[in-house]
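Step one of this worksheet: look at the structure below.
Below, read A as the first sequence line, B as the second, and so on, with proteins coming before strands; counting in each chain starts at 1.
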There are 2 protein chains.
Amino acid sequence: MRDAAFCTSACSMTRAMGVLGSKWKLIIIVHLTQQRRFGQLAQRIPLISRKVLTEQLKELEEDGIVRREAFAELPPRVEYSLTPHGQALLPILEQLSAWHCATPAVTAAESAPG
Amino acid sequence: MRDAAFCTSACSMTRAMGVLGSKWKLIIIVHLTQQRRFGQLAQRIPLISRKVLTEQLKELEEDGIVRREAFAELPPRVEYSLTPHGQALLPILEQLSAWHCATPAVTAAESAPG
DNA sequence: CAAACTGGTTACCTGTTCGTAACTAACGCT
DNA sequence: AGCGTTAGTTACGAACAGGTAACCAGTTTG
C-alpha cells in the first residue's frame, strides 16, 4: 500500500511508512539480495502470491528502490535489483532482523499483565 | 496486525514483519519518545484514531515492546513507555527516517521507466 | 496440436483493517 | 442533575489488502 496522506505528513516516520508500510515490501527488499528473477522471488519468499509480488515490485520500482531489467528473450526473463537508494536500506533491515532475533522469550501470560 | 503465519516463518524479516508489520506500530514507537499519555499520543500522531491507537498499544504491550502504567486516579491516567526491547528499536527507526529523508526527488515519469 | 516455459494481468471473492460515533465508568464541579 | 474529564469498548459500515484461478503472449519441443 502506498498511502498518499502518510506520504505528506510532517512526521518523517509517517512518511517512511507511507512508502514502505506494506507488509511485504521490506521482505521483498531483503530477498533481492539473493534472488533476482521474478520466478525465484515468488518461490523463495514465504507465503507470497505472484499477484502481490508483481504489485509490490511495481510500487518499489516507481519509488526508486528497485530496478527492473527485461531481457529481449522468450520466454520472458526479467531481473530485479536494488537501486543505490534501496541498497541503503539493507543495513537497517539487517538490524531489524537482528533486533527481532533478540526478542526475549515471553509466555502469553507474562506478556500481557494488563 | 499480528500475523501468526509470518511469526513462524523461517525468514527472520518475515517474522519481524509479523510483529511490526502494521502501518501504525513503528510510528507509535517513535512518538513514545516524546509523549506518554494516551491522549497526547492520540493528538500528536497524525491521522490515527483512538480505536486503532488502543488496539496497537495493546499488541505492542503483549509483545513486550511497550509498557503500560495505570495510575489509581480519576479521571484515569495511563502512561505508556518503551521497554528495553522497544528502546532497542529506536536507533533503527531513526535510521529509517533518515533514509527516507535522503530519498532522491523523482518525477513520476522517471521513476517508472518500465 | 498440445504442453511447457516466463512474467504479468484480471475478475472475483474473502478477510482484515480502519474510522466513526456512541457508549462506559467514577469523580468533581456547577 | 448535567457536564467535563480520561482511557477504553463496541457495533457497524467502508475501504483496503490479499489470494485464487484463469487468462495472455510467443517461442520451442514432442
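Comparing the local axis fitted to the first five base pairs of the helix from dC1(C)-dG30(D) to dT30(C)-dA1(D) with the one fitted to its last five gives a bend of 30°, rounded to 10°.
To the nearest angstrom, P of dG7(C) lies 10 Å from CZ of Arg68(A). Glu59(B) places its CD atom 15 Å from the P atom of dG8(D), with the value rounded to the nearest Å. Computed from coordinates, the Asp3(B) CG to dA17(D) P distance equals 15 Å when rounded to whole Å. In this entry the distance linking CG of Leu41(B) with P of dA7(D) reads 9 Å, nearest Å. Nucleotide dA7(D) holds its P atom 11 Å from the CZ atom of Phe71(B), rounded to whole Å. Regarding Glu79(B), its CD atom lies at a distance of 13 Å from the C1' atom of dA7(D), rounded to whole Å.
Taking Phe6(A) as the reference, Trp24(B) meet the ring-ring contact (aromatic ring centres under 6.0 Å, His included) condition, with sequence neighbours excluded.
Side chains of Ser97(A) and Arg15(B) form no contact here, defined as non-hydrogen atoms less than 4.5 Å apart.
Side-chain polar atoms of Gln34(B) and Gln40(B) form no donor-acceptor pair below 3.5 angstrom.
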(request) Using a 4.0 Å heavy-atom cut-off, write out nucleotides 17-30 of chain C from 5' to 3' as B (base contacted by protein), S (sugar-phosphate only) or - (no contact). (result) SBBB-----SS---
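A salt bridge links Arg2(A) with Glu62(A): the closest approach of a Lys/Arg side-chain nitrogen to an acidic carboxylate oxygen falls below 4.0 angstrom.
The cationic group of Arg36(A) does not satisfy the cation-pi geometry with Tyr80(A), failing either the under 6.0 Å distance to the six-membered ring centre or the 45° limit from the ring axis.
Using modelled atom types, no side-chain atom of Lys58(B) and backbone atom of Leu53(B) make a donor-acceptor pair closer than 3.5 Å.
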